[in-house]
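Owing to the predicted nature of the structure, the values given are computational and were not obtained by experimental measurement.
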Amino acid sequence: MKDILENIQSISEEFDLSLTNVSNTSEIMDLKVRFLGKKGKVTSLLRLLGSLPAEKRPAAGNAVNELRNTIESIIQEKTLALKNDELRQMELQDLIDVTLPAKSRPSGGFHPVVEATNDVLKIMTGLGFTVVLGPEIEEDYYNFEALNIPPHHPARDMQDTFYFDDGRVLRTHTSPVEVRSMLKYGAPIRIICPGRVYRKDSDPTHSPMFHQLEGLLIDEDISIADLKGCLDVLLDSFFNKELKKRYRASYFPFTEPSLELDIECIACSGSDPGCRICRGSGWLEICGLGMTHPNVLRSGNIDPEKYNGFAWGLGLDRLAMLKYGLNDLRTLFEGNVPYLLSGREA
Amino acid sequence: MLISWNWLNEFLTLPSDVTLQEVAEKLTITGCEVESIERPCDFLTGVITAKIARLDKHPARESLFVAELDLGVGDSRVVCVTAAPNLNVGDIVPYAPPGAVIIHNLALGSREFDGILSQGMMLSAEEIGLPDVADEFGILRLPESTEPGLDFKSLFGLDDAILEISITPNRGDLLSVLGLAREIHALFPNSELKNIEIEDIHNSVAWPVNFKGITLEHPDCLSFALGLASDIRIGPSPLKARILLSLMGMRPISNIVDVSNLTMLLTGQPSHAYDLELLPEKEITVRLAMDKEKIITLDGKTHSLTTEDLVITSGGQPVGIAGVMGGENTEIKDNTRIVALECANFASPRISRTSRKLGIISEAAYRYSRSVDPMKVIQSLKYALKLFSDWGCAKVVYGHYEFSESTRPGNLEVPLNSKTMKRILLWDDMVEAGHILSRLGIEKVREENGFWVFSVPTSRPDITIEEDLVEEVGRIRGYELVEPRIPDSLHERGKLDPISETQGHMRNIFLSRGYTEVVTYSFIAPSFSKDYLLSKNDIRSYPVKLSNPLSLELSCMRTMMLPGVISAVQGTIRSGWRQAVRIFEMGRVFLRLEPGSNQLQEIERLTGIVYGGSDQRSPYGKWEMEDFFSVKGDIVAIAQNRGVELTFKQGSEPFGHAGQSADIYSEEKKVGYLIRLKPGIEQNMDFGGPVYVFELDLDTFMATRLSTFKDIPAYPAVYRDISLLSEKSRLAEEVIREIRSIAGDLLWEIRIFDIYEGKNIPEGQRSLGFSLAYRSEDRTLTDIEVEKVHSKVRSGLEALGYKLR
Ligand SMILES: [Zn+2]
């Protein structure tokens, strides 16, 4: 009996020692045969049990079985671990460098002016304005006369116009859409109109083509307060910030009273006398606006005794430039990809 | 326009606590934007007046003089060396002692000239920063009456501040010192306005010539006054006048011209001086020009007039274009003895038209175009004649005017109702409104039917209706007092128009497929139709052209989007970009309905361009290369996203590669193209590889189709492959159509998985491999069923002459 227990002890120790030398699945198979095989050491112990007295057999049998179970489960565990290890080694032969560049086209870049336009359309349709569009090649009548700008009026000097031989013009503002829409839809009316406009002008702050957003609201009893309310929403939402604003008196033939809206300088908020964006004034001119002139309502076949309203013309390029910190308006229309991609969200 | 702050203050008393800065801010916010405030002679410090007590030639240096200066402090003298040749003993000059600062912030010291120490220097006009005020070469000589030892800067108004103000076209009245003084008075309730009164001089004296009178033949000359000055001595104006003109941006010319300019700056009234003896007859007639009537203006240019232009004539000959510019024939010269000075008033539209047509934007024309107060004619004429007299440049000034008027100017009455004001400003304090208007010179004359009736002076022709009065009240009261609100009127849902909606959706798809969005000019160069080989019967070769383009390159309205995006790619390459370029643009093309027609269509387009780049190397080899089919993939994707089915047919665009162009159709209508550029064009434009372009009518994608979803198929598909040989010229789509028609309803999907030509394939043929999926919607297909239909496909194809592999 004592022999058997000693044997169990020494086999167990031998197994532990052998196990530490096992490094692959075939070695563990060998180990299994050596201990648990038909001629294995544990199996031979079982045979020895027969030589023990009957009363000692159960205890000795339990001890040997326990040893066999332990060794069996250790071998199973080890086999699994070694197999996983070998699979992993095989996978690692297909190791890739995950830092290599992505394989597909990189994302494109939006155009700041189109992006700004879409933002503003979203804000203003949410407020209840409906989008309409109008022609870019426009009748002199709609661009000027219907807007209370008779021929040879000095206000025409404010806008250097591109003409066609047949007397038509490239619209100098989006305002012609006002009268066109009034004639089409009548009052009340709540519209906005984005689009390209053209003036004969070219320097870093002027491009012969740029973008405006016209707004027009005609109803009964409309006040400058309503106009301010709408523009406040537009600008604060666009810049996602409550901006300081300054409503300044101005002159446009098609509005009476006429105003201009300045917003606080996006770059310096008026704190930098040398600021390049606001030239130290702290203010940025952003929008022309006013109460629609009775003559314009008449052009639109709307009774100025019953209805009144307001209109604005907002510079979308200016808005985009301010939001995205751009300096040269003309660069925006060169279609230069590196320039446009530099604004891509990383 | 430039305005002297000192001069303004001669006609205006502001409360003492009001600063120039406040005035500028108030002007800006009420409609006259003050763009800058300059102090042109700010640098000047320590300069005093000095009298030349003694003047000698320099003992050693021939070209120099040594002056001893009396600085008004007893007998002490300072020595000053100068090279100026124009000085005499007794002259008064500006003197900068050591420590004084002159132009360019130069601080003066003492300097030795061959043994004589010069303390500081005497100054020329340039050295005080106003080169234009010089009337001779050398040191600036001050009026004889000037005391020595006084502060030069303040004495001559060089401490002035100059406001640069931009005046809106409706406010002609503000193009004058008096007009602006009135405006500022309105802005500051506690200010006081001082009016100028000019008394008549020698009212009884008759003209020395027998003048026959002024005839106004056209009502656009509202009034015309002539004053007379004889014994003219032409010379420089007094120094102070020259300085004032110079500060206000006008070059001093001579006393006669300067009087005219100063008068205009003060009152806004232009004037013109004729040499009376050169007038063909001693009479003036204002009439419309005859057709092609010629006149040579003061600037030496000959103009041919039309019956639209108003001219000043004498003895039948034009002597001036009314309100625009005088004629050369009656110009004032050095020997002029008698001057007839015109102050007249002309209707704005006519002057504006003539001035624009002839391209003469004179100071006079600029003001008349914006309207000049007809009440200023006599006052201005008197002021000008008084200056002649005060300056002593005309020996006699006659207070007898020749005057004629066609329209007697009168104030306009404009009513204001508190309801209108309340509607617009949400404020209706009529009393306060009345105060504001009164400060502007607009007085209440009576109340009538709930209206207050105001009398608007002739200086404000811009005010004609009630809203104009509301604006005056609103702007001076301040728009910041109107609390913003959201209009009740906005109680309905706003909508995007279908074009913006479609564009907004499509651009997101293109951005995510790696395209960069551009906006290019709507104008292109006329060479485009040649560059892109457009034929004579292609409507795109008939663009509408601007009659006044910025340049030839920007003179045609685009009829196709291609040129804009091509130049965008070229610009991108020029800026050093070597990778692939993918660009898209959405915008309009402008097409005539037919070649000769002026009827135009503005058509919304979407265009894209793809260029592989000059460096196409990639660790992934060809996988990333752009080709016709990668770009086609983008078009198909956009069509799928918009629920539109497009078909591609062999293309016909003249600028497309003959073998690699597709015309794109939707429902049997051509809606665009996808091409590789013709290799010849690629070469001409220096592209190092293929360029793919497409252009599509946005219209095609505008119908909003709601996606409809189907259940997952209940029964599995069974897959079979077919490989066959086909003529290379046979389109894959035709083969597919044939397979479909043979297979019938059980064929659920067919896909090309292989295209092969070359080894083992006969010349002119290619091998196509198709994967066919058979499926039924109501049962699982049995092998037998599939086998049956598939062999029908095989035999059917063979019957059509295809060789199966
Ligand atoms: Zn700033």
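Ranked by heavy-atom pairs shorter than 4.5 Å toward chain B, the options P112(A), S281(A), A225(A) are led by A225(A). Of the listed residues R588(B), R513(B), E480(B), the one with more heavy-atom pairs under 4.5 angstrom with chain A than any other is R588(B). Your options are G335(A), G195(A), P194(A), G126(A), and the one with the most heavy-atom pairs under 4.5 Å with chain B is G335(A). Counting heavy-atom pairs closer than 4.5 Å to chain A, the top residue among Q579(B), K545(B), R493(B) is K545(B). Of the listed residues (L550(B), V470(B), V569(B)), the greatest number of heavy-atom pairs within a distance under 4.5 Å of chain A belongs to L550(B). In terms of heavy-atom pairs under 4.5 angstrom with chain A, the leader among H491(B), M557(B), R171(B) is M557(B). Highest contact tally toward chain A, considering only R475(B), K495(B), E492(B), E467(B), is held by K495(B) [criterion: heavy-atom pairs under 4.5 Å]. Comparing V518(B), V565(B), L546(B) by how many heavy-atom pairs each has under 4.5 Å with chain A, the most go to L546(B).
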- For R105(A) and D634(B), what are the C-alpha separation, side-chain angles and deciding distance, and is it a salt bridge (charged side-chain N to carboxylate O under 4.0 Å, His left out)? CA-CA 12 Å; R105(A) 294 165 169 180; D634(B) 300 320; 2.9 Å; yes
(Q) Working note: K228(A) + E483(B), criterion salt bridge (charged side-chain N to carboxylate O under 4.0 Å, His left out); need CA distance, chi angles, decisive distance, verdict. (A) CA-CA 8 Å; K228(A) 287 177 73 175; E483(B) 274 299 310; over 6 Å; no
In sequence, state the C-alpha distance, the side-chain angles, and the governing distance for D497(B) and V132(A), and then conclude on side-chain contact (heavy atoms from CB on, under 4.5 Å). CA-CA 6 Å; D497(B) 63 298; V132(A) 297; over 6 Å; no
Discussion item. I'd like to know whether L332(A) forms a side-chain contact (heavy atoms from CB on, under 4.5 Å) with V519(B), so could you lay out the CA-CA distance, the side-chain angles of the two residues, the decisive distance to 0.1 Å, and finally the verdict.
Written reply: CA-CA 7 Å; L332(A) 280 174; V519(B) 174; over 6 Å; no
Next item on the list: Kindly determine whether R168(A) and L600(B) satisfy side-chain contact (heavy atoms from CB on, under 4.5 Å), including the steps that lead there.
Entry: CA-CA 11 Å; R168(A) 273 187 280 191; L600(B) 287 180; 4.1 Å; yes
Worksheet item: When you look at R423(B) and S223(A), which way does the side chain to side chain donor-acceptor pair (under 3.5 Å) test go after all the steps?
Response: CA-CA 6 Å; R423(B) 173 156 91 159; S223(A) 157; over 6 Å; no
Test side-chain contact (heavy atoms from CB on, under 4.5 Å) on F523(B) and L170(A); report intermediate values, then the result.
CA-CA 11 Å; F523(B) 357 80; L170(A) 272 176; 3.6 Å; yes
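Proximity of Q503(B) to V114(A): side-chain heavy atoms (C-beta onward) are nowhere separated by under 4.5 Å. Counting heavy atoms from C-beta outward, P338(A) and T572(B) have side chains that approach closer than 4.5 Å. Y339(A) places none of its side-chain heavy atoms less than 4.5 Å from the side chain of T516(B).
Heavy atoms closer than 4.5 Å to chain B are found nowhere in I192(A), neither backbone nor side chain. Both the backbone and the side chain of S258(A) come within less than 4.5 Å of a heavy atom in chain B. Looking at E260(A), neither its backbone nor its side chain comes within 4.5 Å of chain B, counting heavy atoms on both sides. Proximity to chain A (any heavy atom under 4.5 Å) is shown, for I573(B), by neither the backbone nor the side chain. Contacts of R279(A) with chain B are absent, with no heavy-atom separation under 4.5 Å from either backbone or side chain. Heavy atoms closer than 4.5 Å to chain B are found in the backbone of E334(A), but not in its side chain. Heavy atoms of E585(B) lying under 4.5 Å from chain A belong exclusively to its side chain. Of the two parts of N308(A), the backbone and the side chain both hold a non-hydrogen atom closer than 4.5 Å to a non-hydrogen atom of chain B. Of the atoms belonging to S348(B), not a single heavy atom falls under 4.5 Å from chain A. Contact annotation for M209(A): both backbone and side-chain heavy atoms come within less than 4.5 Å of a heavy atom of chain B. Of the two parts of L231(A), neither the backbone nor the side chain holds a non-hydrogen atom closer than 4.5 Å to a non-hydrogen atom of chain B. With a 4.5 angstrom heavy-atom cutoff, P101(A) touches chain B via backbone and side-chain atoms both. D232(A) touches chain B through its side chain: at least one heavy atom from C-beta onward sits under 4.5 Å away, while N, CA, C and O do not. Neither the backbone nor the side chain of V113(A) comes within contact range of chain B; no heavy atom of the residue lies under 4.5 Å from a heavy atom of that chain. Looking at T420(B), there are no atoms closer than 4.5 Å to chain A (heavy atoms on both sides), in backbone or side chain. For L217(A), the part sitting under 4.5 Å from any heavy atom of chain B is the side chain, from C-beta outward, and nothing else. Residue V169(A): no heavy atom, backbone or side chain, is found under 4.5 Å from chain B.
Ion pairing between D226(A) and R485(B) holds under the 4.0 Å rule for side-chain N and carboxylate O. Salt bridge annotation for E25(B)-R248(A): absent, with no cationic side-chain nitrogen under 4.0 angstrom from a carboxylate oxygen.
Side-chain contact annotation: Y198(A) with S522(B), donor-acceptor N/O pair under 3.5 Å present.
When all heavy atoms of N336(A) and S575(B) are compared, the closest pair comes out as ND2-OG, 3.3 Å. When every heavy atom of I29(B) is checked against every heavy atom of R246(A), the shortest pair comes out as CD1-CG, 3.7 Å. Of all the heavy atoms in P208(A) and Y521(B), the pair that sits closest is CD-OH, 3.7 Å. The shortest heavy-atom contact between P549(B) and K200(A) is O-CE, 3.9 Å. Closest of all the heavy-atom pairs between V131(A) and S500(B) is CG1-OG, 4.0 Å. The minimum heavy-atom distance between L490(B) and C230(A), with the atom names listed, is CD1-SG, 3.8 Å.
Taking CD of Q601(B) as the start and CD1 of I137(A) as the end, the distance is 11.5 Å to the nearest 0.5 Å. Atom CD1 of I424(B) sits about 7.0 Å away from atom CD1 of I224(A), to the nearest 0.5 Å. For the atom pair OG1 of T520(B) and NE2 of H111(A), the computed distance is 9.0 Å after rounding to the nearest 0.5 Å. Taken from CG in N118(A) to CG in N508(B), the straight-line distance is 8.0 Å, to the nearest 0.5 Å. Summarising the geometry, atom CD1 belonging to I583(B) is positioned 8.0 Å from atom CG belonging to L340(A); distances are rounded to the nearest 0.5 Å. Expressed to the nearest 0.5 Å, how far CG of L511(B) lies from CZ of F110(A) amounts to 8.5 Å.
Listed by chain and number, the residues in a side chain to side chain contact (heavy atoms under 4.5 Å, CB included) with E305(A) are D303(A) (sequence neighbours excluded). Residues satisfying the side chain to side chain contact (heavy atoms under 4.5 Å, CB included) test with K26(B), not counting sequence neighbours, are L187(B), F188(B).
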